[in-house]
Structures are given as C-alpha cells and as structure tokens.
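To start, the structure itself, in structure tokens.
Residue numbers begin at 1 in each chain, while the letters A, B, ... track the order of the sequences.
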Amino acid sequence: MKTTTRIIMLSLLALAAAASPARAQSKSELTVALSSFSAETLDPALQGHNVKYYLSLMFDYLVGVTPDGQPSQAGGLATKWEPSADHKRWTFHLRKGVKFHDGTEMTSEDVKFSLQRATSKRSTTGYAGPLRTLIADIETPAPDRIVIVLKEPTLIIPTYLSRSLSTEGMVLPKKYIEANGDDVFARKPVGTGPYKFVEQAVGSHIKLTAVDNHWRIGVPKYKNVTFRLVSEETTRIALLRRGEVDVADISRERVKELEKEGFPIHMRKEEAIIHAWWILGPEGRTPPTKDKRVREALNLAIDRNEIAQSIFGGYAEPAVIPMGLTWAFKDVGFKVTPDMAYAYDPARAKKLLAEAGLASGFTLDVYAFQLPGFAEGKAFAEAIAGYWEKIGVKSKLIPVDYPAFRKMWVDRKAPGAVGYYNIANRDWIGAYALLEKQGYTPSKLNDTVNDPEIDGMIAQVMRQTDREKINALMRNIFTRLRSEHHGLPVVYVHSPYATSKTLGKYNPGTVMYDLFIDELARR
Amino acid sequence: MLRFVVFRLLQSLVALAILSVVVFILARATGDPLHMILPMNASEEDYANARQYLGLDRPYVEQYLSFVGRAVIGDFGNSIRARRPVIELLQARLPYSLKLAAFAMVVSLALAFPLGVMAAVHKGTGVDRAAQIVAILGQSLPTFWVSIVLVEFVAGRLQWLPAGGADSLASYVLPGFTLGWFVVAGMMRLLRSGMLEVLDSEYVKLARLKGVAEHRVVWVHALKNALIPVVTFAGIYFAILVTTAIVVETVFAWPGLGRLAYDGITSRDFPVIQAVVLTTAAIVAAVNLGVDCLYALIDPRIRYGR
C-alpha cells in the first residue's frame with residue numbers, strides 16, 4: 001500500500017508540474033478566447049457578420065476601414081474607387097503585387113469571382129440579397145481595375161463591399177477554388193490577409209500563422225494567432241488568469257472583479273441596442289398595439305436607467321430611438337435631443353392606456369430567450385414584463401429559444417407579442433440595411449414597423465445619390481420611428497473584453513462583429 | 001448462443017430504426033435551421049435559395065429515405081451549420097469523448113474500489129459513513145456546479161491544472177474527475193453490498209479459519225467475487241459517459257460529442273442531431289448487447305429464456 005500511495009503522489013506531482021500555473025504567452029503567440037464562433041465556417045460565403053472576428057485575419061476586403069469604421073484606402077485591396085456621373089458604374093483600382101497565401105497574384109478576376117460567389121444562391125452572407133438585386137454586371141477592364149455595373153444608381157456599393165459590414169467584400173482566390181472546389185476551400189481557406197490558415201478543430205479552435213510581411217500591417221508581431229472556442233465564461237476567465245489567453249470576451253458583471261485584479265478591460269461602447277418590438281400580423285399591426293398611445297405607454301412604463309444598472313451592471317445607456325443605431329447617427333447628423341428620451345412615467349403610461357380605452361389593462365405575450373452576446377436576455381424579458389404589470393398590462397412570459405421565437409416572428413403567428421434582439425451597432429449604411437429589412441413593409445418577412453411614410457423614405461434612400469439628401473431622409477426616418485413609437489428601444493449595451501496584463505494597448509474598434517485582432521499584430 | 005446473439009442484434013437494429021424515425025421527426029418539429037444560419041435581414045428569396053441548396057425543400061419522406069439510405073453506409077450528410085460532412089465532425093469528436101470517458105472511468109474505479117471495500121470491511125463505523133458521504137456527494141452535487149468550482153478555484157485561482165481544452169494529459173484531470181466522481185456513488189454502493197454479501201459467505205469464513213491473512217481475504221478472495229455487477233455497471237456507465245457529458249464538455253471547452261450534440265440542437269442542425277443520436281444509440285446498444293452476451297455466457301438461463 002505504501003508503494004501505491006507513493007506512486008500516486010509522484011504521479012500527481014508530475015501532473016501538477018506538467019500543468020504548471022500561469023505560463024505566460026510567449027510574444028510570438030496570441031490567443032483569443034471567444035464564447036461563440038457562430039457557424040465556425042471558414043468560407044466567407046457561408047456565413048455573414050459574426051465570423052469576421054477570425055476571417056478578417058485571413059482575408060482582405062476590397063474596401064478597408066479603420067477600427068472606427070471609416071473607409072480607408074490604406075486598409076483594403078482597392079486603393080481608390082469612384083462612381084460614374086450617374087452612380088451606376090463604380091470603378092475600383094486594385095493594389096498591385098498582392099499575393100494569395102498559395103503564391104498566386106490577386107487580380108480583378110479574383111474580385112469578380114468573389115463577388116459573384118458571394119451573391120450566388122449558395123451564399124448565406126448578410127447582404128447577398130441586396131447585392132444580388134443591385135448588381136447588373138461586373139467588368140474587369142484590367143488586372144488592377146474592376147467596374148461594378150448597377151441596375152440602379154446608388155452610393156452604398158463601397159460600404160457593402162467593405163469591412164464595416166459583412167463578408168461579401170472579402171477577396172478569394174479564383175484559381176485555387178476552381179482547381180480544388182468549394183469543399184476543399186472551406187477546409188483549407190486561402191486568402192491574402194496577414195495570417196494564413198493552419199488548422200481548425202471544429203468546436204475547439206482555429207489556428208493561424210503569420211505571413212512574412214503584409215502590406216497592411218508589415219511584419220506581424222505574433223507568429224501564431226489562435227482563436228479558442230470557450231463557451232463558459234468562468235473557463236475563459238480562468239484561462240486569462242493562467243496566462244493561456246490574451247483576449248477574452250467577458251460579461252458585464254465580471255468587469256469590476258477583473259479590473260480589481262489588474263486585467264485591462266476594453267469596452268466596445270454601445271456595441272448593440274437592446275431593442276424590443278411587437279410582432280406584426282399578416283395585415284400589419286394588430287390591436288391593442290396598433291394604437292400609438294398604447295405603444296407610447298408601454299415605452300413610458302420601462303425604467304431604462306434601472307435596467308441599465310441592475311441588469312447590465314451599469315455598462316449600458318438608455319436608448320431613445322427604435323432601431324436607432326448611434327454609430328449611424330453621427331454619419332447622418334442626427335441629434336438625439338433630451339425631449340426624445342422616454343422618461344420613466346408609469347402614471348402617464350396608465351393615463352395613455354385609459355385614453356386608449358384600456359384602463360383595465362390587457363394581456364401581452366412576451367417571449368423570453370437568450371442570444372449570443374446577450375446572456376441577460378431572460379432577465380431583461382422578466383424586467384420589462386414586470387414594469388408592464390405595474391401599469392395593468394398582464395404580461396405572459398413565454399420561455400423559448402431564439403429559433404422558436406424567430407419562427408413566430410417571421411411566420412407572423414403571434415401578432416402583438418413582444419420579442420427582442422441585440423442589434424449590433426453599425427454605420428449609416430448598415431443602419432439603412434437594417435431598416436430596409438426590419439422597418440420596410442415590402443420586405444415582409446422581417447418587417448416590424450409597417451408604416452407607409454417610413455416605407456416611402458426608405459425607398460427614396462435606396463435610389464438617392466446625393467449624400468446630403470440621404471442624410472436628411474435618414475434623420476427623418478429616425479424621427480418618425482421615435483414619434484410613432486415603432487418599437488421599444490431600451491438600452492445601448494457596452495461589451496467588455498478583458499486582456500492579459502502584458503498585452504499592452506488594444507483598440508477593439510467600433511466595427512460590427514470585428515475585434516480588429518490584426519491591429520494587435522501591427523508592430 | 002448464436003441464435004441468442006442474432007436475436008438481440010435484430011432487437012437492437014429495430015430499436016435503431018424506430019429511433020431514426022423519432023429523431024427525424026422531432027428534430028424538424030423544433031424549428032427551422034435556416035433561422036439560425038441566415039442573417040437576420042435575409043429575405044424570403046434568400047430562404048428559398050438556402051432551402052433548395054440544402055435539400056430542405058424536398059418532401060419529408062424523401063428526406064427521411066435519403067437520410068436512412070446514406071446513414072447505413074456511414075454517410076450522415078453535411079452539417080447545415082458547419083457545411084461539412086457530419087461523419088468528419090463525428091470522427092473528430094468521438095475520440096475525445098472516448099478518451100475523456102475512459103479517464104473518468106479510471107478515476108471512478110480508483111475512488112470506488114477503496115471506498116467500497118473499506119466501507120464494507122468497516123461496516124457501520126465512521127469509515128463506512130465517510131465513504132458513503134464522499135460517494136453520495138459525487139452524485140448529488142450538480143455536475144455543472146462541481147465543474148465551475150473546479151475551474152474557478154483549482155484552475156483559475158490556484159492555477160494547479162488547466163481550465164479547459166484537451167491539449168495535454170493534465171487537461172483530462174478536472175473534467176475526468178468531475179465525471180468520474182459522479183459515477184462513484186453507484187459503483188461504490190454496488191461494491192459495498194457485494195462485498196458485504198461475499199464477506200459473510202462460507203468460503204470467506206473458511207479462508208479466515210485456514211489462517212489466510214485478512215488483507216488477502218478482502219482484496220483477493222472477496223473482491224474478485226464482488227466485482228461482477230461492478231464491471232457490468234462500469235460498462236454501461238462508460239457508454240453513458242461518452243454520450244452525455246454535455247455540461248462537462250461545455251464548461252471545460254472539451255471538443256467532444258456532447259458539445260457537438262448541444263451545438264447541433266441549438267442550431268437545429270438536423271444532420272448533426274440525427275447522426276449524434278444514432279451514433280450514441282448505437283454505442284449504448286452495442287454495450288448492452290455485449291453485456292447481455294456476457295450474461296448469457298455466464299448464466300445459461302438467460303439465453304434459453306430469451
């Protein structure tokens with residue numbers, strides 16, 4: 001027995017030694033732990049927005065943006081772009097001498113191929129549909145020049161193909177894909193980005209290695225970058241404490257604790273708006289929320305400051321405009337005035353309900369679910385349901401998962417019921433694209449507004465090429481959304497990212513679903 | 001014996017066939033996977049395109065026959081979410097689940113054996129009660145809670161062992177212990193009751209009368225005969241551990257089958273759900289079949305009685 005005990009003790013010691021604590025990352029390695037990889041696809045045509053975290057290291061966009069979301073001629077494969085006088089032909093001049101990771105040179109044929117692939121029926125990217133509708137033809141007059149011919153004049157093409165939106169603007173290797181097929185490309189992607197694909201273990205990690213020198217960031221600071229999928233926050237934080245990861249997404253409630261321990265916290269301010277809405281019926285709004293006074297009452301009953309403090313740990317700000325994305329506000333010159341804010345006023349809410357003939361209240365279904373990046377979802381639903389109870393609205397909480405809610409929403413099977421989403425903040429074109437789907441009657445499936453006046457303005461934005469007129473239209477849309485109470489804007493949430501104590505300066509930027517990890521690799 | 005084996009094999013195949021229908025229907029009853037893979041702003045046309053591309057626009061009967069026809073040759077189709085063959089995902093994940101389950105089983109055996117034997121030998125004493133408390137705690141403490149506590153303190157604060165991943169032998173310890181401890185209670189109780197029965201038997205008394213050393217009586221003569229139900233229990237639990245470690249795999253970022261199943265379910269990835277359910281059912285059926293055959297070999301009454 002004594003020998004056995006000795007063997008066990010020695011084995012445990014050896015194990016402990018092998019797992020020695022807090023091995024700090026060497027400078028050649030950067031590890032990012034994220035709670036979700038979304039679909040974990042490596043092919044930009046198979047998933048939109050939320051795979052940009054890692055794909056933007058492997059691929060370059062036709063149009064680059066700075067971390068604060070401004071178009072940048074230094075950050076993309078196009079060094080300049082210009083529209084024709086009628087805004088129906090956009091010419092992009094390509095950077096010369098850029099090579100894919102397999103050594104072939106990037107040309108306009110690759111850009112054309114990528115765009116056609118991104119808008120093909122197989123594509124499930126964020127803006128494949130609108131681009132499919134807009135693009136009439138793609139011309140390649142020279143290896144370093146590409147012309148996109150449009151069916152309608154528009155200003156939005158460069159942004160749609162930029163890093164600020166989804167993945168349609170990523171440039172892929174035509175020859176490699178044609179020679180090897182889509183499946184091989186999806187397993188071993190080849191791009192022109194500063195990092196090359198090494199391996200993927202689905203459900204575990206994606207490992208990348210640096211190119212020798214990249215036109216965008218020079219010689220990358222880190223030889224390898226690994227994205228680790230770690231769903232559980234406690235585990236991500238433990239990995240951070242052990243020095244096994246350098247960047248991790250964390251919840252708002254753990255911020256103070258980690259700050260006390262000396263871990264730098266980087267906030268993506270107003271990363272998303274927590275926005276709730278009433279599901280439309282087959283013919284549009286249904287009573288009682290068809291009545292504007294009821295919609296206003298439900299807004300006034302919510303104490304946004306309390307929600308920001310109690311549910312989001314103080315890392316949130318009250319929201320004012322339905323679907324109002326603040327990063328777009330500055331682009332279009334929209335100012336939120338104090339009188340627009342929804343004061344917490346249950347007395348006035350009750351009065352409005354009484355005026356609408358609903359003094360004794362009514363029953364309202366509230367779907368409760370969690371979403372990626374919005375772990376507080378169910379608590380949020382319980383909170384708003386609780387506020388509405390106080391003004392006599394009997395809220396029935398229906399716990400579901402998001403796909404089940406989504407089905408009710410788009411099938412319009414639960415008219416008047418309340419759902420919500422954490423809509424990622426984005427620039428004016430992103431905001432417009434959101435409105436075009438979620439606030440535009442002809443889009444049917446996703447519409448949550450059903451207002452002919454707003455429909456008219458959205459249609460005008462689509463055809464307008466005068467930026468000032470677009471800005472005015474966008475401002476009017478936001479104003480109308482607020483004055484008609486077309487939704488329940490509740491709070492803007494800030495999203496925290498913790499980094500290791502040795503990582504140094506980091507700006508996760510303000511571009512949706514992009515953490516600009518490649519900027520960390522810039523020397 | 002051959003007739004018995006063939007009969008049980010047929011039973012297992014029928015069970016798998018019924019299960020294939022059930023999982024096919026239930027997976028589709030829970031919602032549309034396109035709501036998860038298409039962007040929020042997808043149009044009706046985008047939905048129609050994706051449905052056609054993924055073959056989800058075909059009649060259900062056609063989809064089912066296609067699924068079963070390919071499944072029998074090990075082709076479970078492509079994952080809707082990951083867009084790659086499901087068999088590839090299974091092949092990548094199953095070894096991790098098997099290794100973790102094996103490690104957990106070693107942990108549980110290492111704990112259950114001494115605890116069970118000591119509890120039986122020292123029946124009614126403080127040792128017995130302490131052993132039972134340790135075992136029962138393993139079963140009664142929620143696995144999720146045990147996992148979180150271990151990650152927070154052992155990995156995060158004390159920094160003794162890795163918090164997640166499957167990179168080294170050390171990374172097996174915390175998830176393996178969490179799973180293994182859960183199994184200890186059942187195993188230890190079986191061993192304890194078996195040992196008590198055996199220790200009271202005539203041949204053990206004879207061995208003691210003959211002057212055989214007590215540790216040899218306990219650890220050799222008695223233990224050997226108390227092992228049979230424990231081995232059966234361990235076999236069945238091994239299959240269960242392979243297939244049900246979702247919580248532990250999630251907390252410890254372990255790339256196993258449980259996580260694959262969870263991701264498949266949450267994203268309505270029908271091919272993955274179907275493949276995982278059928279694979280795990282096949283594993284459980286195979287283990288049960290093996291155990292039944294062992295029983296039949298040991299006890300002829302079972303094979304004749306069918």
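- The neighbour count for A/K188 NZ, taken as heavy atoms of other residues, nucleotides or ligands under 6.0 Å away, does not exceed 12.
- Looking at heavy atoms from C-beta onward, A/V32 lies in side-chain contact with A/L34 at the 4.5 angstrom threshold.
- The part of B/E88 that comes within reach of chain A is its side chain, from C-beta onward, which places non-hydrogen atoms under 4.5 angstrom from that chain.
- Under a 3.5 Å cut-off, the side chain of B/W254 and the backbone N or O of B/Y96 do form a donor-acceptor pair.
- Residues A/T234 and B/E152 have side chains that never bring a donor and an acceptor to within less than 3.5 angstrom of each other.
- Most heavy-atom pairs under 4.5 Å with chain A: of the set B/L89, B/I148, B/I80, B/D263, this distinction falls to B/I148.
- No donor-acceptor contact under 3.5 angstrom links the side chains of A/R187 and A/N180, judged on distance only.
- Neither the backbone nor the side chain of A/I237 comes within contact range of chain B; no heavy atom of the residue lies under 4.5 Å from a heavy atom of that chain.
- Between chain B and the residues A/E436, A/K121, A/E233, the largest count of heavy-atom pairs under 4.5 Å involves A/K121.
- Defined by atom type and a distance below 3.5 Å, a donor-acceptor pair is present between the side-chain atoms of A/N224 and A/E29.
- Under 3.5 Å, the side chains of B/E249 and B/S97 contain a donor-acceptor pair of N or O atoms.
- Residue contact with chain A, scored on non-hydrogen atoms closer than 4.5 Å, is absent for B/Y262.
- Only the side chain of B/R259 comes within contact range of chain A, judged by heavy atoms closer than 4.5 Å.
- Options B/A163, B/P85, B/S79, B/G165 differ in how many heavy-atom pairs under 4.5 Å they form with chain A, and the most are formed by B/A163.
- For the set A/D182, A/D183, A/V202, A/V230, the count of heavy-atom pairs under 4.5 angstrom toward chain B peaks at A/V202.
- Using modelled atom types and a 3.5 Å distance limit, the side chains of B/R58 and B/Q52 yield no donor-acceptor pair.
- Of the atoms belonging to B/A82, heavy atoms from both backbone and side chain fall under 4.5 Å from chain A.
- Heavy-atom distances place no part of A/A201 under 4.5 Å from chain B, backbone and side chain included.
- Interface remark: A/R132 contributes side-chain atoms only to the contact with chain B (heavy atom separation under 4.5 Å).
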